[in-house]
Every structure is written in structure tokens, then in C-alpha cells.
Protein chains: 2
Amino acid sequence: MLDAIDRAILRLLQHDATLSVQAVAEQVNLTTSPCWRRIQALEDQGYIRRRVALLSRQPLELGVDVFVFIKTNQHNDRWLNDFTEAVLAMPEVMEAYRMSGDVDYLLRVVVRDIDAYDRFYKQLVSRVKLADVSSSFAMEQLKYTTELPV
Amino acid sequence: MLDAIDRAILRLLQHDATLSVQAVAEQVNLTTSPCWRRIQALEDQGYIRRRVALLSRQPLELGVDVFVFIKTNQHNDRWLNDFTEAVLAMPEVMEAYRMSGDVDYLLRVVVRDIDAYDRFYKQLVSRVKLADVSSSFAMEQLKYTTELPV
DNA sequence: GTTGAAAGCCGTTTACC
DNA sequence: GGTAAACGGCTTTCAAC
């Protein structure tokens, strides 16, 4: 189980993965070598999944978020497999959830502009049978973080 | 503007930021030093926003995603500021969007369980006046990526 | 068994072509 | 864009507690 120091290390690294072991050690009042062993253990035990670079969307001209609400009438494993494969294969789909309630699936899609979304949409409905699809555009992203509340 | 090599570098780094400069260089058919200069430039120009560690949710017992659909009746800057400050301050809110359509705002909230969501919910409605709030729980996360389609 | 210091090693970074 | 050398941090080992 994790103690307070492990949690502090995780908080630091999910905020900034470029921190040197030494810098992390200082912030948690440890010397480098026990701190290094803890980080190693957190990786081995799977608490740290990966380290990635987060890009800026504005200069890449990927400013548009679209939420796609999907209903299906085929509630079986085969359909779910096909649908899952389709969303995994489409790089515009950043997130996909199976939902409770009257919407069956929810996607967050990132595209350059409305035209690009239209192309995405046509591709999606051509790949999988969907009973009902409704799209909502985000006007503004107020918050986006990858930092879990540990 | 970005050429094909810069885009390839961005794709590699947003997938795995632990790649050494040498490893990236090999994959894009460059030697380390021009590759290093390109990465440096991509950071200076703001294409690379930051490098972070992504944690696993299961061992941290943060398995529940809740989408919160919010309507307000106060469409003014002051209210929006208060709302934005509230969601920025609440670590359970991973994403927040101002939407088009009949829902005004959409949140993705990550919590340990339903009880934790109830506590979050009470805290949220006590902080800001909301006309209508409806919550939808995700049964399953089919996809989650931070990799933009560059 | 755990911590801290010290040393080798490897990747990053810079100067120069 | 490439080469080569200096630099700094990561990783490991070992002694001390």
C-alpha cells in the first residue's frame, strides 16, 4: 500500500515528469537513492503507467472538441467489439465511454474544424451501425488535466 | 511551420516521453544533434506543452468516471469566472467544457465510488448556483488517450 | 533492513565543421 | 545536418546505522 511519501511522489511526477530524481527527493525530504527506489517500485507495481509529452492544441490547429452521444439497438458482444475496434482505430477519438442512462456511448473527438468533423462523422457511421447519433460542440475548454486526485 | 519529421517526432514523444534523443533520432533517420535541436525548437515554440507521468487508476482506486451536465440561468462573466474558479480548484474535475446546445457545461469527474461522488456533488452545488445538474456514470472506459491526431 | 555517500556509466548538450 | 567532446544526472554498489 502507498504511504504519504509515495503519494507525494506520484503527485509531483504526474505534474512534471522532467523532474530529476534529486529534485523529487528534495521535495519529499529524502535522499536520491531511497527516492529512486520508491519511484522504481511505483513503476514496477504499475502505479505509473507511462510518461508522455502533452502537446498544445492551438499551434497544431486541433482546436475543436466534439462530444458524440450514441445510442445503439444492438446490445451484444459482437457489436461492442466492432464499435470498440472502430473507436480505437480512429485517432480523432480521444475518449470513449459506455454509459448508464439513455445514452449508450459517449465520445470526445478532437478535430481541426467543422469540416473535419463532418468527414469523421461519415467515416464513423460507415464503420458501425448506430441507431442514433447526436453531436455537441464545445465552445471553450475551461479545464483539462491528466492529474488524478491522489 | 512543421515538416513531416517534426510531426513524426511529436507523435513519438506524445506516445512515450522516455525515449532518448538518440532513439527518436534513429526512428526519424537523423543523428542526435539535429534531432535534439528540433525537439528543443518544438518545446520553445510551444508545440510541446509539458511532460507528465500518467498514473493507473485501478490501483489508486479511482475507477469511477461521472459526466456532469449543467445548465445555468446566469449567463454573465461574473458567474462564469466563479464557476471556472470552482472547477479549477476541485481536483476531481479532470475536464470542463462550455458547450453549445441545451446543456451549458459538461464536466468529467473522477472519483473512487458513488459516495465520493455524492460528496463532490454537494460541494459543487454549494460553491456555485446551478439551475440544473444531471449526472451520468460511465460503466466502462473503452478508450482514453492523450495523443492528439497530428 | 534501510539509509546515505561515492563512483562508473550513459544520455544530454554544446562547440565546431 | 553531422561529428566529437564536455557535462550532468542516473544507476549501482558498498559501508554505516
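Below, read A as the first sequence line, B as the second, and so on, with proteins coming before strands; counting in each chain starts at 1. Computed over heavy atoms, backbone and side chain alike; hydrogens, waters and symmetry mates excluded.
- With sequence neighbours excluded, no residue satisfies ring pair (Phe, Tyr, Trp, His ring centres under 6.0 Å) with A:Tyr47.
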Intermediate values then yes/no, side chain to side chain contact (heavy atoms under 4.5 Å, CB included), A:Arg49 and B:Arg57: CA-CA 9 Å; A:Arg49 199 153 53 86; B:Arg57 294 173 51 171; over 6 Å; no
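- If you check every strand for non-hydrogen atoms under 4.0 Å, A:Arg38 touches nothing.
- B:Asp104 meets the salt bridge (Lys or Arg N to Asp or Glu O under 4.0 Å) test with no other residue; sequence neighbours excluded.
- Every residue two or more places apart in sequence or in another chain was checked for a salt bridge (Lys or Arg N to Asp or Glu O under 4.0 Å) with A:Asp77, and none qualifies.
- Rounded to a whole Å, the CD1 atom of B:Ile39 is 15 Å from the C1' atom of D:dG1.
- The list of salt bridge (charged side-chain N to carboxylate O under 4.0 Å, His left out) pairs with a residue in residues 85-94 of chain B, not counting sequence neighbours, is empty.
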Pairs under 3.5 angstrom only: tabulate donor-acceptor contacts from the side chains of residues 23-32 of chain A to other protein residues two or more places apart or in another chain.
none

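- Contacts of residues 42-56 of chain B with DNA chain C (heavy atom under 4.0 Å): none.
- Residues that satisfy the ring pair (Phe, Tyr, Trp, His ring centres under 6.0 Å) test with B:Tyr105, not counting sequence neighbours, are B:Trp79, B:Phe83.
- Among residue pairs with one or both ends in residues 36-48 of chain B, those qualifying as salt bridge (charged side-chain N to carboxylate O under 4.0 Å, His left out) are B:Asp3-B:Arg38, B:Asp6-B:Arg38, B:Glu43-B:Arg51; sequence neighbours excluded.
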Quick one: side chains of residues 108-118 of chain B, donor-acceptor pairs under 3.5 Å with protein atoms, not counting sequence neighbours, listed by atom name and distance.
unit_1: B:Arg108; atom_1: NE; unit_2: A:Glu95; atom_2: OE1; d: 3.2
unit_1: B:Arg108; atom_1: NE; unit_2: A:Tyr97; atom_2: OH; d: 3.4
unit_1: B:Arg108; atom_1: NE; unit_2: B:Glu95; atom_2: OE2; d: 2.8
unit_1: B:Arg108; atom_1: NH1; unit_2: B:Asp65; atom_2: OD1; d: 2.9
unit_1: B:Arg108; atom_1: NH2; unit_2: B:Glu95; atom_2: OE2; d: 2.9
unit_1: B:Asp113; atom_1: OD1; unit_2: B:Asp115; atom_2: N; d: 3.3
unit_1: B:Asp113; atom_1: OD1; unit_2: B:Ala116; atom_2: N; d: 2.9
unit_1: B:Tyr117; atom_1: OH; unit_2: B:Ser135; atom_2: OG; d: 2.6
unit_1: B:Asp118; atom_1: OD2; unit_2: B:Lys122; atom_2: NZ; d: 3.1

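- Regarding A:Leu30, its CG atom lies at a distance of 15 Å from the P atom of D:dC10, rounded to whole Å.
- Put simply, chain B comes within 4.0 Å of DNA chain C, heavy atom to any atom, from C:dG11 to C:dA15, going 5' to 3'.
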Would you tabulate the nitrogen or oxygen pairs shorter than 3.5 Å linking the protein to nucleotides 11-15 of chain D?
unit_1: D:dT11; atom_1: OP2; unit_2: A:Trp36; atom_2: NE1; d: 2.9

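- Among residue pairs with one or both ends in residues 132-150 of chain B, those qualifying as salt bridge (charged side-chain N to carboxylate O under 4.0 Å, His left out) are A:Arg98-B:Glu140; sequence neighbours excluded.
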